[in-house]
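In this text the structure is predicted, and so the values were computed from the model without any measurement. Just so it is clear, the values below take in all heavy atoms, side chains as well, and ignore hydrogens, waters and symmetry mates.
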Amino acid sequence: MTLGSARKHSDIDGFACHGSQRIHTTLLTVLKMVFNPRRTKLAEKPLDDLEEQSVLNPHASPRPLCIFCGASKETGFNVVWEDDHYTVFTDINPSAEHHLQVIPKRHIESVKALHAADAEIVKEMLDIGHKILDGLDVPPKLRRLGFHIPPYISVPHLHMHVQALPYRSFLRRLKYPIALGRKGHEKGFSWFADAEQTVRLLEKGIQVRILPC
């Protein structure tokens, strides 16, 4: 290979590498916006190493700071209800006319981290969600309450979606599929677990997961 040919190949390899890095960065940014709209809204900046790791490896350890811990009006949340144990605020990117989040003030990473003894936590969150929807005059048939299951979560802090149907679009509806169980399973294949399904699974000592359980 001649010197000129070597330089040409080197330039091509460098261009390919640079292009690949740009595509990689763009993809990570898009994933960040889809799965973590609140963090994108509050701090629009390039992905740092920890953020990149959290997108590429959903099972990696969460960031030291949780944006839902200490959620309050002072920290930019539209809090509509709270007590000593739970906080309710409106979703920053609502999928339905009414879309709220119920979170425990104590940090719990996700619905997969819950055990049988935690069924009461979900029951309390469910009760709070229904009281909020009662106040909004939402009919029972138009209510959806539940949890996304890792890795399909935007924030690693347990949060229950409280929604008044219908959804704003077909794509929004696809984010919250409820799958009924078959052949002895309480829940079918789905990345979203209905809150009542979740209670029944926990009371049986079964971990909530994407696969039928």
Side-chain angles (χ1 to χ4, degrees), residues 35-43 61-150 152-165 167-168 172 175-176 178 186-187 191-209:
F35 288 104
N36 207 345
R38 177 174 291 277
R39 183 178 297 171
T40 303
K41 187 78 173 181
L42 293 177
S61 299
R63 295 176 63 91
L65 296 178
C66 171
I67 61 174
F68 279 3
C69 285
S72 66
K73 293 181 179 179
E74 291 72 25
T75 56
F77 291 81
N78 183 24
V79 176
V80 298
W81 184 94
E82 68 177 319
D83 64 8
D84 292 338
H85 304 288
Y86 301 96
T87 303
V88 183
F89 52 85
T90 57
D91 194 285
I92 194 172
N93 186 23
S95 294
E97 179 181 1
H98 299 297
H99 186 173
L100 305 104
Q101 304 279 3
V102 179
I103 66 169
K105 292 187 175 181
R106 175 169 66 91
H107 184 80
I108 302 172
E109 186 165 329
S110 73
V111 69
K112 283 187 69 174
L114 299 176
H115 303 284
D118 300 316
E120 287 303 316
I121 293 176
V122 179
K123 288 181 180 179
E124 291 173 355
M125 295 173 72
L126 189 58
D127 184 56
I128 292 168
H130 278 303
K131 286 181 179 178
I132 296 293
L133 294 177
D134 286 342
L136 296 171
D137 296 322
V138 178
K141 292 184 178 181
L142 295 180
R143 302 180 181 191
R144 181 156 295 181
L145 300 90
F147 306 87
H148 278 121
I149 305 167
Y152 300 98
I153 59 174
S154 56
V155 178
H157 184 121
L158 183 67
H159 53 283
M160 184 180 73
H161 293 271
V162 177
Q163 302 167 328
L165 306 182
Y167 289 112
R168 292 186 170 183
R172 294 298 182 108
K175 292 179 64 177
Y176 310 93
I178 293 179
E186 184 66 47
K187 171 190 165 295
W191 48 88
F192 186 79
D194 175 77
E196 293 185 357
Q197 277 182 330
T198 301
V199 170
R200 291 193 293 269
L201 286 168
L202 294 176
E203 288 181 336
K204 294 178 182 179
I206 301 173
Q207 183 188 46
V208 180
R209 57 181 182 171

Which atom names give the shortest non-hydrogen contact between Tyr86 and Pro104, and what distance separates them? CD2-CA, 3.6 Å

Is there any salt bridge (Lys or Arg N to Asp or Glu O under 4.0 Å) pair reaching into residues 93-104, and which pairs are they, with sequence neighbours excluded? none

When every non-hydrogen atom of Met160 is compared with those of Ala195, the smallest separation belongs to SD-CB, 3.8 Å

Distance col, row Ile128:CD1 vs Trp81:CH2, nearest 0.5 angstrom, shows 4.0 Å

Just say parallel, tilted or perpendicular for the rings of His161 and Phe192, cut-offs at 30° and 60°. tilted

With rounding to the nearest 0.5 angstrom, report the NE2 to CG distance, His130 to Leu145. 5.0 Å

Residue pairs passing the salt bridge (Lys or Arg N to Asp or Glu O under 4.0 Å) test with at least one member in residues 68-84, sequence neighbours excluded, are Glu82-Lys105

Glu120: which residues meet the salt bridge (Lys or Arg N to Asp or Glu O under 4.0 Å) condition with it, sequence neighbours left out? Lys123

Heavy atoms only: give me the nearest Asp118-Ala113 pair and the separation to one decimal. OD2-O, 4.2 Å

Whether the His157 and Glu109 side chains hold a donor-acceptor pair (N or O, under 3.5 Å, no angle test) is what I'd like checked. no

Determine yes or no for a side-chain-to-main-chain donor-acceptor pair under 3.5 angstrom, with Lys187 supplying the side chain and Arg209 the backbone. yes

Value for OH (Tyr176) from NE2 (His148), rounded to nearest 0.5 Å, stands at 5.5 Å

Any residue meeting side-chain contact (heavy atoms from CB on, under 4.5 Å) with Ala71, in chain and number order, not counting sequence neighbours: Phe77, Phe89, Ile103

For Lys204, the side-chain contact (heavy atoms from CB on, under 4.5 Å) test, sequence neighbours excluded, returns Glu186, Ile206

May I ask you to test the Thr198-Met125 pair for a side-chain heavy-atom distance under 4.5 Å? no

Under the salt bridge (Lys or Arg N to Asp or Glu O under 4.0 Å) rule, what pairs show up with a residue in residues 134-148, not counting sequence neighbours? Asp134-Arg143

Spacing of Thr87 atom OG1 and Leu100 atom CG [to the nearest 0.5 Å]: 12.5 Å

Going by heavy atoms in the side chains, are Ile108 and Ile121 under 4.5 Å from each other? yes

Nearest heavy-atom neighbours spanning Leu158 and Val111: CD1-N, 3.5 Å

